[in-house]
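What follows is one structure encoded as structure tokens, with my remarks underneath.
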Amino acid sequence: MLINFKEVYFTYSPKTPYEYEALKDINLTIKEGSFTFIVGKTGCGKSTLIQQMNGLLVPSSGEVTAGEYVVSSDKKRRTKKLSNLRKEVGIVFQFSENQLFEDTVEKDVAFGPMNFGVKREEALEIAHKCIDSVGLNESYYQRSPFDLSGGNRRRVAIAGILALQPKVLILDEPTAGLDPRGSEEIMSLIQKMNKEGITIVLVSHDMNLVLRYATDVIVMNDGKIVKEATPDELFLENDEQYSLETPLIAKVVKAFHDKGVNLDTTNIRDIESLANEIVRFKK
Amino acid sequence: MKNLVLGRYSAYDSFVHKLDPRNKIMCLVVLMVAVFFEYQDYSLTFIMGGILFFFIVILMIVSHISFVSLLKSLVSLWFLILVLFVINVLVPVKNAESLGVAFYIGNFPIYLLSIFQSLKIVIRLILMLSLTLVLSATTSPLDMTFAFEWFMNPLKVIHFPAHEIAMTLSIALRFIPTLLNETERIMKAQSSRGVDFKHGKLSSRFKAIVALIVPLFISAFQRSEELADAMEARGYDPKAKRTRYHIFHWGADDTYSLLLCNILLGGVIYVSVAKLTLDTPLVLPWILISISLLITVLLLTGIITTNRKGREISK
């Protein structure tokens with residue numbers, strides 16, 4: 001499913017003293033099957049941007065199209081029932097573990113599909129599949145989500161969105177506040193889903209993740225898109241102008257570059273691909 | 001969420017904003033009392049209501065309150081107004097015929113008296129609402145709790161926990177916007193899971209509310225626990241003597257405005273207690289009221305013109 005932004009502006013609390021323009025002239029396409037990262041400073045409009053993608057927020061002017069759905073500032077052009085769009089485009093919010101409320105994990109995960117009219121038994125079946133796929137086993141089905149650790153609760157929350165079987169999955173800092181191992185597991189889970197054909201949009205501050213997983217990067221600043229690039233273009237050439245932190249691997253490559261070793265940057269994503277590239281260079 | 005922020009404090013640098021919060025509460029009480037006086041006949045009631053409303057309108061202009069917000073709150077009162085009207089029409093009163101019949105519904109007479117009666121209550125409601133709107137839009141919640149604590153001071157003699165109550169109140173007020181944000185966040189998260197908060201059957205609406213309330217309560221309890229720990233870690237002691245960052249000074253403006261409100265109340269009391277009607281020569285009360293209105297207009301128009309430049313202080 002293709003998501004397309006056309007001249008989107010968004011203003012919070014218009015016509016009040018608290019008026020604030022969060023998005024300015026956003027033109028953007030999120031390709032089908034891509035793993036797109038949205039990066040930028042806190043308060044630059046990332047969260048506002050992703051909420052336009054499933055109709056939680058409607059542009060003040062301009063329009064967002066997602067598949068056949070139209071989220072437009074123009075009421076006549078807007079798709080009547082935007083709630084169905086939320087089945088296609090799932091958003092996992094920041095600290096999503098706070099949205100759990102049912103007394104068992106399986107019921108909480110099945111809550112989403114049941115809202116879209118899936119029968120109870122079928123919904124539970126989907127729930128079981130999704131709980132398994134986020135790396136929790138059968139013993140978790142009947143447990144209360146409030147007894148789980150923070151990391152596992154976040155897995156349950158992600159499973160709750162996965163259960164909608166969306167075509168596009170948007171995650172707002174899914175690794176924030178998790179330990180390194182937990183975030184590693186969550187990220188490889190997300191990568192696995194991407195390989196299964198789900199388009200992933202991910203908001204993150206961790207540039208190491210960006211270099212490692214992204215196919216496309218969108219850099220935002222002050223409500224505008226300042227750069228659309230592939231990660232190697234962004235980091236291995238010039239990233240300082242956007243005041244982003246350079247990933248560790250990119251620093252190593254730059255150090256090699258300064259010593260006169262010009263590695264081919266297009267395939268360097270993590271330690272292993274860096275090592276491969278060095279070996280290849282030596283030959 | 002938008003209608004919940006009605007009468008929310010907005011930081012302008014206006015005359016009313018700068019008044020002492022204690023004074024503002026006293027003025028509010030005085031004006032509220034003035035709203036609730038009974039007069040000899042209905043035309044006088046409406047005239048007095050109009051005078052008070054004129055006064056409040058000036059206050060609203062000075063303190064940068066939009067009339068749209070007042071209108072919105074009135075629109076939400078339509079049901080109450082309807083009920084009032086129906087009850088006033090149905091309940092028999094003494095001398096209902098005294099003012100004659102307004103119109104008939106079938107054979108059922110609707111008396112002018114009952115229409116006037118409900119109109120009077122509606123006018124009082126509007127006045128009360130706009131008065132509280134002025135107070136809440138111009139006084140920050142923290143200033144308000146300070147004023148409450150100050151008013152409760154005499155009760156300390158009988159070991160009434162004035163400070164504790166004020167502290168609880170200020171924390172509660174402080175966390176209203178936080179909880180509102182939280183509500184909005186959870187609503188969005190649950191909408192992403194297909195919850196429809198606005199439409200649907202009663203049972204699914206109930207489920208939607210549960211999906212909102214449970215996470216909200218959990219986060220509120222977590223927050224309060226964290227806050228209590230943080231306060232204790234910094235050595236908070238409710239019994240200790242406290243100093244304030246902002247110290248309120250009772251200025252000349254406060255004295256003037258309180259005096260003004262009292263003059264207005266005096267005029268209202270005179271008109272009411274002396275049982276004046278429109279036919280009696282009304283020398284003294286009208287002079288009192290017109291003087292106070294004149295002072296208000298002069299004082300406040302002066303302030304409006306200087307205030308127009310006054311920008312909003314902070315977001």
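The chains referred to below are lettered A, B, ... by the order of the sequence lines, with proteins before strands, and numbering in each begins at 1.
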For B/Phe217, does the CZ atom have more than 12 heavy-atom neighbours from other residues, nucleotides or ligands under 6.0 Å away? no
Please check if the number of heavy atoms outside B/Leu71 that lie under 6.0 Å from its CG is greater than 12. yes
Under a 4.5 Å heavy-atom cutoff, which of B/Ala208, B/Ala211, B/Ser191, B/Ser204 has the most pairs with chain A? B/Ala211
Report which part of A/Leu85 has an atom under 4.5 Å of a heavy atom belonging to chain B: side chain, backbone, both, or neither. neither
What is the distance from atom CD1 of B/Ile218 to atom CZ of A/Phe101, rounded to the nearest 0.5 Å? 10.5 Å
Look at A/Gln94, A/Met114, A/Gln51 and state which one has the largest set of heavy-atom pairs under 4.5 Å with chain B. A/Gln51
Over 12 foreign heavy atoms within 6.0 Å of NZ, B/Lys24: yes
Show the numbers, then the answer: is there a side chain to side chain contact (heavy atoms under 4.5 Å, CB included) between B/Lys188 and A/Leu57? CA-CA 9 Å; B/Lys188 277 178 179 166; A/Leu57 295 179; 3.9 Å; yes
Is A/Arg86 salt-bridged to B/Asp196, cutoff N-O under 4.0 Å? no
With a 4.5 Å cut-off on side-chain heavy atoms, are B/Arg185 and A/Asn98 touching? yes
Are any non-hydrogen side-chain atoms of B/Lys207 and A/Asn115 less than 4.5 angstrom apart? no
Can you check whether B/Arg193 reaches A/Asp108 side chain to side chain, under 4.5 Å on heavy atoms? yes
Chain B contact via A/Ile91 - which portion, at a heavy-atom distance below 4.5 Å: both
Could you tell me which non-hydrogen atom of B/Gln190 sits nearest to which non-hydrogen atom of A/Gln99, and how far apart they are? NE2-O, 2.9 Å
Euclidean distance, A/Ile161 CD1 relative to B/Ser192 OG, rounded to 0.5 Å: 5.5 Å
Within 6.0 angstrom of A/Arg120 CZ, more than 12 heavy atoms from elsewhere: no
Other residues, nucleotides and ligands only: do more than 12 of their heavy atoms fall within 6.0 Å of CD on B/Glu232? no
If you tally heavy-atom pairs under 4.5 Å between each of A/Phe116, A/Phe93, A/Phe146 and chain B, the highest tally belongs to A/Phe93
